[in-house]
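One structure below.
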Amino acid sequence: MADKLYRVELTLSFLERLDAIETFLVEADAGFAFDALLSELRSTVIPNLKRFPRIGRRYLATPPQSAEALAQLAALPAGAPHALREYLHGDYLMLYAAAEADATVYLLSIRHHRQLSFDFARLWPGTGA
């Protein structure tokens, strides 16, 4: 008997993060990498998540320590924090939730590992950094 395949849905926040990645890569003269990312999402990431929805590690394997993060977790629906998982693929880290009830994987966010930099003057203009 074949395992049940999950449906994979891209949330609005995931799509917004994809747009930010595209902008980041184009500004870094690496627009070709965005096309490669889209191809890998279609050919590898989504098929993997359909077959193995728990392939990523549990997001809360190391619980957050900040009061803000703990408050946000407390505001989530019951059971939601335990559904959160991380999937590392190449230069990208994805956050997703695997919902057993409707056999759906919700891709929530994605980041390129170099998107956050230490360019404080650009990140916080007017600080004199």
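Residues take their numbers from the sequence shown, with the count starting at 1. Remember, it's a predicted structure, so these values are computed and weren't measured experimentally.
Listed by first then second residue, pairs satisfying salt bridge (Lys or Arg N to Asp or Glu O under 4.0 Å) with a partner in residues 60-89 read Arg57-Glu86, not counting sequence neighbours.
In this structure, NE2 on His113 lies 11.0 Å from CG on Leu93, to the nearest 0.5 angstrom. Atoms CD and CD, from Glu27 and Glu22 in turn, are 11.0 Å apart once rounded to the nearest 0.5 Å. Once rounded to the nearest 0.5 Å, the distance linking CD of Glu16 with CG of Leu12 reads 4.0 Å. Distance check: Leu108 CG to Leu95 CG gives 5.0 Å after rounding to the nearest 0.5 Å.
By the salt bridge (charged side-chain N to carboxylate O under 4.0 Å, His left out) test, Arg54 pairs with Glu100, sequence neighbours left out. With sequence neighbours excluded, the residues forming a ring pair (Phe, Tyr, Trp, His ring centres under 6.0 Å) with Tyr92 are His112, listed by chain and number. Residues satisfying the side-chain contact (heavy atoms from CB on, under 4.5 Å) test with Ala83, not counting sequence neighbours, are Ala97. Every side chain to side chain donor-acceptor pair (under 3.5 Å) that Ser13 has, sequence neighbours left out, goes to Thr11. Partners of Arg51 according to the salt bridge (charged side-chain N to carboxylate O under 4.0 Å, His left out) rule, which considers only residues two or more places apart in sequence or in another chain, do not exist here. Scanning for side chain to side chain donor-acceptor pair (under 3.5 Å) contacts around Tyr106 gives Asp102, with sequence neighbours left out. Taking the side chain to side chain donor-acceptor pair (under 3.5 Å) definition, one finds that Tyr59 meets it with nothing, sequence neighbours left out. The side-chain contact (heavy atoms from CB on, under 4.5 Å) search around Ile55 returns Asn48, Leu49, Phe52, Tyr87, Tyr96, not counting sequence neighbours.
Hydrophobic cluster membership differs between Val8 and Leu5, with clusters built from Ile, Leu, Val, Met, Phe, Trp and Tyr side chains linked at under 4.5 angstrom. Under the 4.5 Å side-chain heavy-atom criterion for Ile, Leu, Val, Met, Phe, Trp and Tyr, Leu15 and Val26 are members of distinct hydrophobic clusters.
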Contacts under 3.5 angstrom, residues 30-45 side chains, donor-acceptor by atom type, not counting sequence neighbours:
unit_1: Glu40; atom_1: OE1; unit_2: His89; atom_2: NE2; d: 3.1
unit_1: Ser43; atom_1: OG; unit_2: Ser39; atom_2: O; d: 2.9

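Across all non-hydrogen atoms, the minimal contact from Ala98 to Pro53 is CB-O, 3.8 Å. Listed here is the closest heavy atom pair of Tyr6 and Val105: CD2-CG2, 4.0 Å.
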